[in-house]
Amino acid sequence: MEHAARYTAEQHSAGQHTAEHTREGHRTMTEPVIGFIGLGNMGGRMTRCITGKGIEVIGYDAHARNIEGAGAVAGTSAGDVTDRADIVFLSLPDSRIVELVVLGDDGVLAHAKEGQIVVDLSTANPESTREIAAALAEKGAHYLDAGISGGAAAAEKGTLTLMVGGEQSALDAVHEAMSHFASNIVFMGPSGAGHTTKLLNNFLNAVALSATSEVMVAGRRAGLDMDALLGVLNTSSGVNFATLNRFPKIVHGDYLKGGLSNALMMKDVLLYTELIAGLGVAGVHAAGPLASFGAAMATGRSAEISNTVVDVLGDLSGGVRLYDTEDTEDTEHAEATEHARDTGSAS
């Protein structure tokens, strides 16, 4: 689909919008065309936040089923999406994949247009991010690094937090498109600042999750009631995101599947250590999460949600689980029975 004009950061600043001709020959104002590359666990949810509002998204993913699942119109390649879209979002596993998609044959860079805006929502190496931004700038395109936080639940609801690096004018131009899946969008500074902020946040997340896992295993081994322990922690100085949002479910056998895997958490911690090494900052607290998520990977749990690190520490402590297996089996049986009853009455 050819557009009469591209929606660019410069047009946004001037108050202009993409224009198309109707059959009658009149010009009508339209929203910028959105493309999305990488429609997996997070990208698919963000895309559904857009398509769920009746907005067309041109999508591309290595797995075609993800495109259909996100309600997107299929593009044939990253280059094809870039050709057809005004704003291109990327949601990919790491910098290596981002570089392949952007810099590779039939990639984003080869098809980028002057004034086009590419937004990388991945968790990536800030140095790689700056290099890609410079390459796109040579073609007159803008590259924003937008780290995301909130996990699968926030992506599902469209309430993610975005920490953005790049040019303010480019962010202003895509702010409305971002607002379909994010409720808190913060400009952090020049290229790389968004991904730097993301690594800092993810490291704290890893520390909180691994440390809380250890504490909860110790509490269970000491014979404490798990709900009572969490109640104390959440009204005391030990409170953190994991105690508030993860462990109230985990202690009853619900690991909140769909979030960051142990492998990706390990990747983020390693990126953090590279970042602080380059900054000359002493990294005295990285050992805990490196050991915890490293153990998860060494015991075959790489692809499992990072919340299962508590069971890794439990196994190392003699097979401790935070819940009674019988209780979770009873709960699962009750839920299955209720589902079957509801299904039967609906038929």
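Numbers for residues simply follow the sequence, beginning at 1.
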Checklist outcome for this item: For Ser191, the side-chain hydrogen bond (donor to acceptor under 3.5 Å, both in side chains) test, sequence neighbours excluded, returns none

Checklist entry - What residues form a salt bridge (charged side-chain N to carboxylate O under 4.0 Å, His left out) with Glu127, not counting sequence neighbours? => result Arg130

Checklist entry - Is the shortest heavy-atom distance from the side chain of Leu229 to the side chain of Met216 under 4.5 Å? => result yes

Checklist entry - Say you draw a straight line from CG of Leu270 to CE of Met265; how long is it, rounded to the nearest 0.5 Å? => result 12.5 Å

Checklist entry - With distance as the sole criterion, is a donor-acceptor pair present between the side chains of Asn262 and Ser306 under 3.5 Å? => result no

Checklist entry - Would you call Leu209 and Phe247 a side-chain contact if the rule is heavy atoms closer than 4.5 Å? => result yes

Checklist entry - Hey, are the side chains of Asp268 and Leu260 touching, using non-hydrogen atoms and a 4.5 Å cut-off? => result yes

Item to check | Results of salt bridge (charged side-chain N to carboxylate O under 4.0 Å, His left out) for Asp311 - residues two or more places apart only | outcome: Arg321

Item to check | side chain to side chain donor-acceptor pair (under 3.5 Å) evaluation trace for Asp315 with Thr299 | outcome: CA-CA 10 Å; Asp315 289 340; Thr299 53; over 6 Å; no

Next on the checklist: To the nearest 0.5 Å, what is the distance between CG on Asn184 and CG on Leu160?
Outcome noted: 10.0 Å

Item to check | Value rounded to 0.5 Å, distance of CG in Asp61 from CG in Leu39 | outcome: 5.0 Å

Next on the checklist: Within the 4.5 Å heavy-atom criterion, are Val81 and Phe36 side-chain neighbours or not?
Outcome noted: no

Next on the checklist: I'd like to know if the side chain of Ser183 and the backbone of Ser179 have a donor-acceptor N/O pair within less than 3.5 Å.
Outcome noted: no

Next on the checklist: For a side chain to side chain contact (heavy atoms under 4.5 Å, CB included) check, start with the C-alpha distance between Val118 and Leu90, then their side-chain angles and the critical distance, and finish with the verdict.
Outcome noted: CA-CA 8 Å; Val118 181; Leu90 310 176; 4.0 Å; yes

Checklist entry - Linking Ile, Leu, Val, Met, Phe, Trp and Tyr by side-chain heavy atoms under 4.5 Å, what else ends up with Val186? => result Met163, Met188

Checklist entry - Restricting to pairs with a member in residues 194-221, which pass salt bridge (charged side-chain N to carboxylate O under 4.0 Å, His left out), not counting sequence neighbours? => result Arg220-Asp324

Checklist entry - Which of these passes side chain to side chain contact (heavy atoms under 4.5 Å, CB included) with Leu230: Thr243, Ile250, Leu224? => result Thr243

Checklist entry - What residues, two or more places apart in sequence or in another chain, satisfy salt bridge (charged side-chain N to carboxylate O under 4.0 Å, His left out) together with Glu304? => result Arg301

Next on the checklist: For the OG atom of Ser149 and the CG atom of Asn201, what is their distance to the nearest 0.5 Å?
Outcome noted: 4.5 Å

Checklist outcome for this item: Residues passing the side-chain hydrogen bond (donor to acceptor under 3.5 Å, both in side chains) test with Asp225, sequence neighbours excluded, are none

Item to check | Interatomic distance, Tyr255 atom OH to Thr308 atom OG1 [nearest 0.5 angstrom] | outcome: 7.5 Å

Checklist entry - Taking the hydrophobic residues Ile, Leu, Val, Met, Phe, Trp and Tyr, and joining any pair whose side-chain heavy atoms are under 4.5 Å apart, which ones share a cluster with Leu244? => result Val239

Checklist entry - So, does Gln116 use its side chain to make a donor-acceptor pair with the main chain of Ala85 at under 3.5 Å? => result yes

Checklist entry - salt bridge (charged side-chain N to carboxylate O under 4.0 Å, His left out): which pairs involve residues 96-106, sequence neighbours left out? => result none

Checklist outcome for this item: The complete set of side chain to side chain donor-acceptor pair (under 3.5 Å) pairs with one or both residues in residues 37-48, sequence neighbours excluded, reads Asn41-Arg45, Arg45-Glu156

Checklist entry - Between His111 and Asp80, is a side chain to side chain donor-acceptor pair (under 3.5 Å) present by the stated rule, with each step listed? => result CA-CA 8 Å; His111 294 261; Asp80 179 50; over 6 Å; no

Item to check | N/O donor-acceptor pair under 3.5 Å between Ser261 side chain and Ala303 backbone | outcome: no

Next on the checklist: Let's go through Tyr143 and Val119 carefully: what are the C-alpha distance in whole Å and the side-chain angles of both, what is the deciding distance for side chain to side chain contact (heavy atoms under 4.5 Å, CB included) to 0.1 Å, and is it a yes or a no?
Outcome noted: CA-CA 6 Å; Tyr143 192 65; Val119 183; over 6 Å; no

Checklist entry - Do Lys113 and Asp83 pass the side chain to side chain contact (heavy atoms under 4.5 Å, CB included) test, and can you show the C-alpha distance, the side-chain angles, and the key distance before you say yes or no? => result CA-CA 8 Å; Lys113 306 294 191 298; Asp83 275 338; 3.0 Å; yes

Item to check | Steps toward side chain to side chain contact (heavy atoms under 4.5 Å, CB included) verdict (Val98, Asp94) | outcome: CA-CA 6 Å; Val98 173; Asp94 53 41; over 6 Å; no

Checklist entry - Any side-chain heavy atom of Ile58 within less than 4.5 Å of one from Ile34? => result no

Checklist entry - Any side-chain heavy atom of Leu121 within less than 4.5 Å of one from Met42? => result no

Checklist entry - Around atom CD of Glu68, are there more than 12 heavy atoms of other residues, nucleotides or ligands at under 6.0 Å? => result no

Next on the checklist: Counting only heavy atoms from other residues, nucleotides and ligands, does the tally under 6.0 Å from NZ of Lys249 exceed 12?
Outcome noted: no

Next on the checklist: Tell me whether Lys267 contacts the main-chain N or O of Thr123 through its side chain, where contact means a donor paired with an acceptor under 3.5 Å.
Outcome noted: yes

Checklist entry - Tell me, do Tyr323 and His252 make a side-chain contact under 4.5 Å, heavy atoms counted? => result no

Item to check | Heavy-atom check, side chain of Ile185 versus side chain of Leu171, under 4.5 Å | outcome: yes

Item to check | Pairwise ring-ring contact (aromatic ring centres under 6.0 Å, His included) hits with a residue in residues 176-218, at least two apart | outcome: Phe89-Phe181, Phe203-Tyr272

Next on the checklist: Rounded at 0.5 Å granularity, tell me how far CG in Asp145 sits from CD1 in Ile132.
Outcome noted: 10.0 Å

Item to check | salt bridge (charged side-chain N to carboxylate O under 4.0 Å, His left out) partners of Arg246, counting only residues at least two apart | outcome: none

Next on the checklist: Keeping Asn240 on the side-chain end and Gly238 on the backbone end, is there a donor-acceptor pair under 3.5 Å?
Outcome noted: yes

